[in-house]
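Please read these numbers as outputs of a predicted model, since none were measured by experiment.
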Amino acid sequence: LPLLGISKEYPYMYFAISNNTNTLSIGNYNGEQGEILTIGVNLSNEDVVSCLQFDVALPESVSYVEGSAMLTDRKTQKHQLLSSIVEGSKVRFLSYSMPVMPFLGNEGDIITFQVALNGEVGTYPLAIDNVILSDHLGNLIPSSTVGGSVTIEEPIIIYYDITATVNPIDAGIIEGAGEYVASLEATLIATANEGYVFVNWTEDGEEVSTNAAYSFEVVTDRTLVAN
């Protein structure tokens with residue numbers, strides 16, 4: 001059993017004097033501007049950990065998605081999780097159980113949470129501090145931290161070509177063909193010349209619409225024919 005000493009920072013709790021290693025860490029993540037990113041906090045523990053509390057300091061370019069924090073499968077059915085924003089950009093996480101039960105395993109993410117990447121392109125630090133780990137007796141456990149980072153990248157914009165022709169070639173005109181950003185809506189409008197009547201839009205010989213104004217989400221290159 002570890003020796004026990006009185007904690008100076010928390011005078012009403014005991015500090016377990018242990019040579020074991022207990023580390024909270026965050027990895028390095030990257031995502032595009034505007035993306036919602038899931039961050040994992042890893043607990044590598046040689047001592048039995050039943051309760052924990054820590055803060056994650058977020059840069060201004062990254063904002064916490066409230067209500068997104070979750071315990072991983074290292075929890076027991078009794079473990080609860082609380083999270084709150086403290087000191088501006090810091091997020092505090094607290095997990096405990098009643099009755100007091102240890103977390104499962106000795107390695108792996110213990111908590112995940114989401115952040116919104118709203119800032120400028122660049123790499124920003126993610127730091128863990130104010131850590132409190134305790135065992136099933138309420139004794140404080142020595143801990144260390146390893147910070148990580150989040151890299152915000154420019155969004156990758158994908159373009160697709162929407163090509164449209166008239167059959168027969170002199171039967172009318174088409175508006176709306178061209179290059180589109182993926183996931184946007186394209187609208188092709190076919191107008192028949194005098195002496196002709198619009199029948200349908202076809203693609204690879206198959207009818208796709210009978211409306212002269214044909215709208216669709218752009219997800220790939222398309223070649224359409226107004227008949």
Side-chain angles (χ1 to χ4, degrees), residues 2 5 7-10 13 15-75 79-97 102-135 138-156:
S7 167
K8 294 182 180 180
E9 187 175 2
Y10 306 97
M13 299 183 73
F15 189 87
I17 302 174
S18 168
N19 293 321
N20 291 336
T21 300
N22 306 283
T23 304
L24 280 170
S25 62
I26 293 181
N28 299 314
Y29 295 83
N30 61 284
E32 297 178 4
Q33 283 178 317
E35 185 179 349
I36 301 297
L37 197 62
T38 298
I39 305 294
V41 180
N42 182 282
L43 173 62
S44 177
N45 56 295
E46 294 180 350
D47 287 313
V48 173
V49 177
S50 296
C51 303
L52 58 81
Q53 176 181 301
F54 60 89
D55 296 344
V56 175
L58 299 177
E60 292 183 359
S61 298
V62 175
S63 58
Y64 173 61
V65 178
E66 294 194 48
S68 66
M70 298 179 61
L71 288 167
T72 67
D73 56 9
R74 295 190 61 185
K75 67 178 177 66
H79 275 101
Q80 305 294 318
L81 175 63
L82 302 175
S83 64
S84 60
I85 298 175
V86 295
E87 300 179 24
S89 62
K90 282 188 177 181
V91 185
R92 176 161 295 168
F93 301 94
L94 167 64
S95 183
Y96 63 93
S97 65
F103 287 101
L104 305 175
N106 298 96
E107 182 69 44
D109 286 349
I110 196 79
I111 288 173
T112 64
F113 63 96
Q114 292 183 322
V115 294
L117 308 183
N118 299 321
E120 298 297 321
V121 170
T123 298
Y124 304 92
L126 296 174
I128 303 175
D129 59 12
N130 297 328
V131 177
I132 304 173
L133 302 181
S134 64
D135 63 17
N139 303 315
L140 293 178
I141 298 170
S143 63
S144 61
T145 63
V146 177
S149 66
V150 58
T151 298
I152 301 177
E153 303 170 342
E154 290 186 359
I156 298 174

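Distance check, rounded to the nearest 0.5 Å: OH of Tyr124 to CD1 of Ile152 gives 5.0 Å. The distance from the CG atom of Leu71 to the CG atom of Leu81 is 4.5 Å, given to the nearest 0.5 Å. Summarising the geometry, atom CG belonging to Asn106 is positioned 9.5 Å from atom CG belonging to Asp47; distances are rounded to the nearest 0.5 Å. Here CG of Asp109 is found 8.0 Å from OG of Ser25. Values are rounded to the nearest 0.5 Å. Rounding to the nearest 0.5 angstrom, the gap separating the CZ atom in Phe54 from the CD1 atom in Ile110 is 8.5 Å. The CG atom of Asn139 sits 12.5 Å away from the CG atom of Leu133 when rounded to the nearest 0.5 Å.
Each of Val150, Asn28, Thr151, Asn30 was checked for a side chain to side chain contact (heavy atoms under 4.5 Å, CB included) with Thr123, and the lone residue meeting it is Thr151. Of the candidates Leu52, Thr72, Ile128, Ile128 is the only one forming a side chain to side chain contact (heavy atoms under 4.5 Å, CB included) with Val41.
Ring-plane geometry between Phe93 and Phe113 is classed as tilted, the angle between the planes lying from 30 to 60 degrees on a 0 to 90 degree scale.
Crowding of Glu46 atom CD: a count of heavy atoms from other residues, nucleotides or ligands under 6.0 Å exceeding 12. No more than 12 heavy atoms of other residues, nucleotides or ligands shown are found within 6.0 angstrom of CD on Glu60. Taking a 6.0 Å sphere around CD of Glu32, one finds it holds more than 12 heavy atoms contributed by other residues, nucleotides or ligands.
In this structure, Ser89 contributes its side chain and Leu58 its backbone to a donor-acceptor pair below 3.5 Å. With hydrogens and angles ignored, the 3.5 Å screen pairs a side-chain donor or acceptor of Asn22 with a backbone N or O of Pro142. Of the possible polar contacts, one joining the Ser68 side chain to the Gln114 backbone as a donor-acceptor pair under 3.5 Å is found. Between the side chain of Arg92 and the backbone N or O of Ser83, no donor-acceptor pair lies under 3.5 Å. Between the side chain of Ser95 and the backbone N or O of Gln80 there is at least one donor-acceptor pair closer than 3.5 Å. A donor-acceptor pair is defined here as one N or O able to donate and one able to accept, closer than 3.5 Å; such a pair exists between the side chain of Gln33 and the backbone of Gly119. In this structure, Tyr96 contributes its side chain and Gln53 its backbone to no donor-acceptor pair below 3.5 Å.
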* Asn130 and Lys90: CA distance, side-chain angles, deciding distance, side chain to side chain contact (heavy atoms under 4.5 Å, CB included) verdict -> CA-CA 11 Å; Asn130 297 328; Lys90 282 188 177 181; 3.7 Å; yes
* Determine, step by step, whether Arg74 and Val49 satisfy the side chain to side chain contact (heavy atoms under 4.5 Å, CB included) criterion, reporting the C-alpha distance in whole Å, the side-chain angles of both residues, the deciding distance to 0.1 Å, and the verdict. => CA-CA 11 Å; Arg74 295 190 61 185; Val49 177; over 6 Å; no
* Kindly determine whether Val62 and Leu117 satisfy side chain to side chain contact (heavy atoms under 4.5 Å, CB included), including the steps that lead there. => CA-CA 5 Å; Val62 175; Leu117 308 183; 4.1 Å; yes
* To do: For Ile132 and Leu140, run side chain to side chain contact (heavy atoms under 4.5 Å, CB included): C-alpha distance rounded to whole Å, both residues' side-chain angles, the deciding distance at 0.1 Å, then the answer.
  => CA-CA 7 Å; Ile132 304 173; Leu140 293 178; 3.4 Å; yes
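Of all heavy-atom pairs spanning Pro102 and Val48, the tightest one is CB-CG1, 3.4 Å. When every heavy atom of Lys75 is checked against every heavy atom of Phe103, the shortest pair comes out as CA-CD2, 4.1 Å.
Counting heavy atoms from C-beta on, the side chains of Ile36 and Val115 never come closer than 4.5 Å.
There is no side-chain donor-acceptor pair under 3.5 Å between Ser50 and Asp135. A side-chain donor-acceptor contact under 3.5 Å links Ser63 and Asn118.
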